[in-house]
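Since the model is a prediction, treat every value here as computed from it, not as a measurement. Numbered from 1 within each chain, the chains take letters A, B, ... in sequence-line order.
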Amino acid sequence: MKLITAVIKPHQLDEVKEALEAYGISGMTETEASGYGRQRGHSEVYRGAEYTVDFVPKVRLEVLVEDLDARSVVDVIVKAASTGRIGDGKVWVLPVEDVARVRTGEHGVAAI
Amino acid sequence: MTCDDVQHRRRKVIRMENAIDTGTTAWILISASLVLLMTPALALFYGGMTRSKSVLNMMMMSYGAMGVIGVIYVLWGWSMSYSSESVMGIFGNPFTHFGLADTITDSAGEYILSDGLPTVVDVGFQVTFAIITVALISGAIADRARFGTWLVFAGLWATFAYFPMAHMVWGGGLLSGDGPFASIAEPIDFAGGTVVHINAGVAALVLALILGVRKGFGKSPMRPHNLPLVMTGAGLLWFGWFGFNAGSAYAADGGAGLAWVNTTTATAAAMLGWLLVERLRDGHATSLGAASGIVAGLVAITPAAGDVSPLGAIPLGIIAGALSAMAVGLKYRFGYDDSLDVVGVHLVAGLWGTVALGFLATGSGLFYGGGLNQLWVQIIIALVAVVFSAVVTAVIALILKATMGWRIDSDVEVMGIDQGVHAESGYDFTGGSGRLASVGVASREALPGAEGPARSEGTTTDIDTTDTRETRS
């Protein structure tokens, strides 16, 4: 099993979610996050004082998948999250040792 | 007992002494309520501009002013402001009407009237001005002032700075139409350019200098945490200001209507003026700029609301907005931490509005063929207000610095004054965690580490878990 984590632009969330649902993913977790990459932050002006805001709003999306699905799901996310502009985000994959479904107590792939 | 005992602000309408003017009375009651709303509105305006860790303290300084001034006003505030027993034209005798003695009803039990208005209604109207003026100052000392010191300051400052200024300008004192400068021209302060805004603006500057800067001022970002609160506050201030300015006409008549229209015109123009400066200087017209321009316009029209034409209110407003937009950056250049720009907005726009009357006052202003006299008088009363407020505020603030102390501990300032001083936090987005430590007996010791109500953990919890599993699987 793999954990796919995607940090994407907040306004791409719905598009990514719909693409994942179309692929057959039935659940995911979303967290509001902030961060920056090569695009750095942006500047804001309050009463003439300019602030550099390094951490810009992002969404962190987490999906658990079976090993075989990992590569395709990453591609689905990348395709849906892409706007072609800087700050589109990143997707990474980590191995997962075990998963348990809280309601039933099932373990492993059955719990995904 | 007649109305002669109490000097009143300029009245446009003179009526029979013993007949109540219900129209005026109704309007002043409504105006008093509108002006009272301005202080919670100011709390929103200021609260949104602080960082999220200080929002409650910022709002509490406004509400604290409501608490302190709301009580002392009926004790000695009214008497010091409007007693006819003037002490050198500087303040009224606090004892003539202490506790509103001889103010509410006469010996026959009838409500005392002044130009058809029950004096007790006027007391209600005036206390709201005193409250907002004190609350305005708090914007200069965000994030770092001891709450107890602030409350004591509020009472002392109202007593020694606000009540005397109200007496000098509106109570028949030195700066009024009965004072020495009236021989040049009658000083104009319709609703509080000197008494309220210059007074509070100078006090804010003095307090910012005496308290010193916040940790990280000029280096760390201290941007507003909630601009929608700021916008809401500015809108409510505008609404409440109709009581402030149109109420100061002291009648439900055309004069009040003129003040209303001037208030809106100047405020709209000031918002545009501020946004224009921002667009040209910074490249963006901001919401904070709009909210700030609104307040700058309201401040500038305050002394002038009944004495300019709506066409005069337009340049008055535009210049107020532009001047304040340029003035708010000065604190970084000179290194004083006037956190929420009370100086840049209230002092600058208050000075401008007061002095602008020298040009724009219909009849007596320079642009209306009135010559320079009105201008000189307006400059004089503005300068007297600046010096008086600076001296009184410095004395009070330095005494408090030496006795109670002004600053909270620096580690509390870093952690956040809400948590450190009020034991609260403004926002809870996740529904919270932790547990109830004690009820009704929240001693300082009990809160952090005390045991909660007895609860058998262990077995009960285990059984519950097992039950659920068995049922579901």
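- Here Pro224(B) is the residue among Ser287(B), Ser324(B), Gly329(B), Pro224(B) with the most heavy-atom pairs under 4.5 Å with chain A.
- Chain A forms more heavy-atom pairs under 4.5 Å with one residue of Asp341(B), Val277(B), Leu227(B) than with any other, namely Asp341(B).
- Side-chain contact of Ser339(B) with Arg144(B): a donor-acceptor pair under 3.5 Å is present, judged by distance alone.
- If you measure heavy-atom distances from Tyr46(A) to chain B, the contacts under 4.5 Å come from both the backbone and the side chain.
- Partner of Val65(A) under the side-chain contact (heavy atoms from CB on, under 4.5 Å) criterion, out of Val109(A), Val73(A), Leu20(A): Val73(A) alone.
- Taking the six-membered ring for Trp and the full ring otherwise, His197(B) and Trp241(B) have centroids separated by under 6.0 Å.
- Between chain A and the residues Gly283(B), Ser292(B), Gly289(B), the most heavy-atom pairs under 4.5 angstrom are made by Ser292(B).
- Of the residues considered (Met222(B), Arg281(B), Met326(B)), Met222(B) shows the highest number of contacts with chain A, using heavy-atom pairs under 4.5 Å.
- Between Glu106(A) and Arg101(A), at least one side-chain nitrogen of the basic residue sits less than 4.0 Å from a carboxylate oxygen of the acidic one, meeting the salt-bridge criterion.
- With a threshold of 4.5 angstrom between heavy atoms, Glu50(A) does not approach chain B through any atom at all.
- When side chains are defined from C-beta on, Glu278(B) does not count as touching His284(B), because their heavy atoms never get closer than 4.5 Å.
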